[in-house]
Amino acid sequence: SLIRASTSAAMVCVGAVGVHHFRPDRAGSTAAALAGSAHCPVAIVRGEGDPPGRTRCVVVDVHGSDSGVLVEAGVQEARVRNAPLRAITWRQSTGDDTATAEGDRRIRANLDRRLARWTKRYPDIRVDSAAVHGNLLEYLATNGESVQLVVVGARDGERMAEIVGPSGNAVLH
């Protein structure tokens with residue numbers, strides 16, 4: 001029913017787990033199926049939110065071809081949450097520290113150029129960029145405590161399955 005409703009919805013929001021689950025750190029089967037098959041953006045809501053005085057960032061994975069749409073969604077979510085935005089793209093390490101550092105610098109410079117129109121349009125939002133080694137799940141494993149929301153593209157079904165599947169549940173715990 002939720003997938004069918006997603007054809008005409010602006011966004012579908014679901015809890016990470018149903019009322020019969022006892023593990024609040026997991027994404028349930030309904031949330032996982034919806035995230036992989038919906039025709040609109042899906043928000044999977046976990047937990048109670050941040051304690052006062054703690055600000056976690058909105059992360060947007062701009063590795064795919066629909067990055068303009070994703071950045072716009074990330075900017076809007078960051079504005080609503082009064083949170084910083086971190087745009088990430090990922091790459092494989094070469095093993096050569098000098099080449100890796102230079103590659104990271106080039107990737108971040110390119111990403112910063114792509115983000116410039118958003119920083120000019122919304123100067124109230126702190127925007128930064130990162131070249132991530134590995135993949136999104138590894139990034140979340142290392143930086144999960146600083147992240148309140150992750151925006152990924154609809155074409156990224158494999159990454160979505162990682163995030164809401166068993167591996168993602170373990171990392172996000």
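Basis for what follows: all heavy atoms, side chains included, without hydrogens, waters or symmetry-related copies. Quick caveat, the model's predicted, so the values are computed rather than measured.
- Rounded to the nearest 0.5 angstrom, Glu145 CD and Arg56 CZ are separated by 7.0 Å.
- Ser129 and Asp112 make their closest contact through OG-OD1, 2.6 Å (heavy atoms, listed as atom of the first residue, atom of the second, distance).
- With values rounded to the nearest 0.5 angstrom, Gln76 atom CD is found 7.5 Å from Trp118 atom CH2.
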Report task. Would you check, one step at a time, whether the test side chain to side chain contact (heavy atoms under 4.5 Å, CB included) holds for Asp124 with Arg79? Result -> CA-CA 8 Å; Asp124 56 317; Arg79 291 183 76 209; 4.3 Å; yes

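- To the nearest 0.5 Å, atom CD1 of residue Ile125 and atom CG of residue Leu115 are 11.5 Å apart.
- Remark: Asp104 CG to Leu111 CG distance equals 11.5 Å, nearest 0.5 Å.
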Query raised in the report: Could you go step by step and tell me if Arg86 and Ser146 meet the side chain to side chain contact (heavy atoms under 4.5 Å, CB included) rule?
Result: CA-CA 10 Å; Arg86 174 166 295 137; Ser146 68; 4.2 Å; yes

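- When every heavy atom of Asn143 is checked against every heavy atom of Val147, the shortest pair comes out as O-CG2, 3.5 Å.
- Taking all atoms of both residues into account, the shortest heavy-atom contact from Thr7 to His39 is CG2-CD2, 3.1 Å.
- One distance of note links CZ of Arg126 with OG1 of Thr55; it measures 8.5 Å at 0.5 Å rounding.
- To the nearest 0.5 Å, atom CD of residue Glu138 and atom CG of residue Leu140 are 10.5 Å apart.
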Report task. Evaluate side chain to side chain contact (heavy atoms under 4.5 Å, CB included) for Val75 paired with Leu85, printing each intermediate quantity in order. Result -> CA-CA 7 Å; Val75 164; Leu85 177 72; 3.7 Å; yes

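- Tracing side-chain contacts under 4.5 Å through hydrophobic residues (I, L, V, M, F, W, Y), one never reaches Ile107 starting from Tyr139; they form parts of separate clusters.
- For the residue pair Ala9 and Cys40, the shortest heavy atom distance occurs at O-CB, 3.3 Å.
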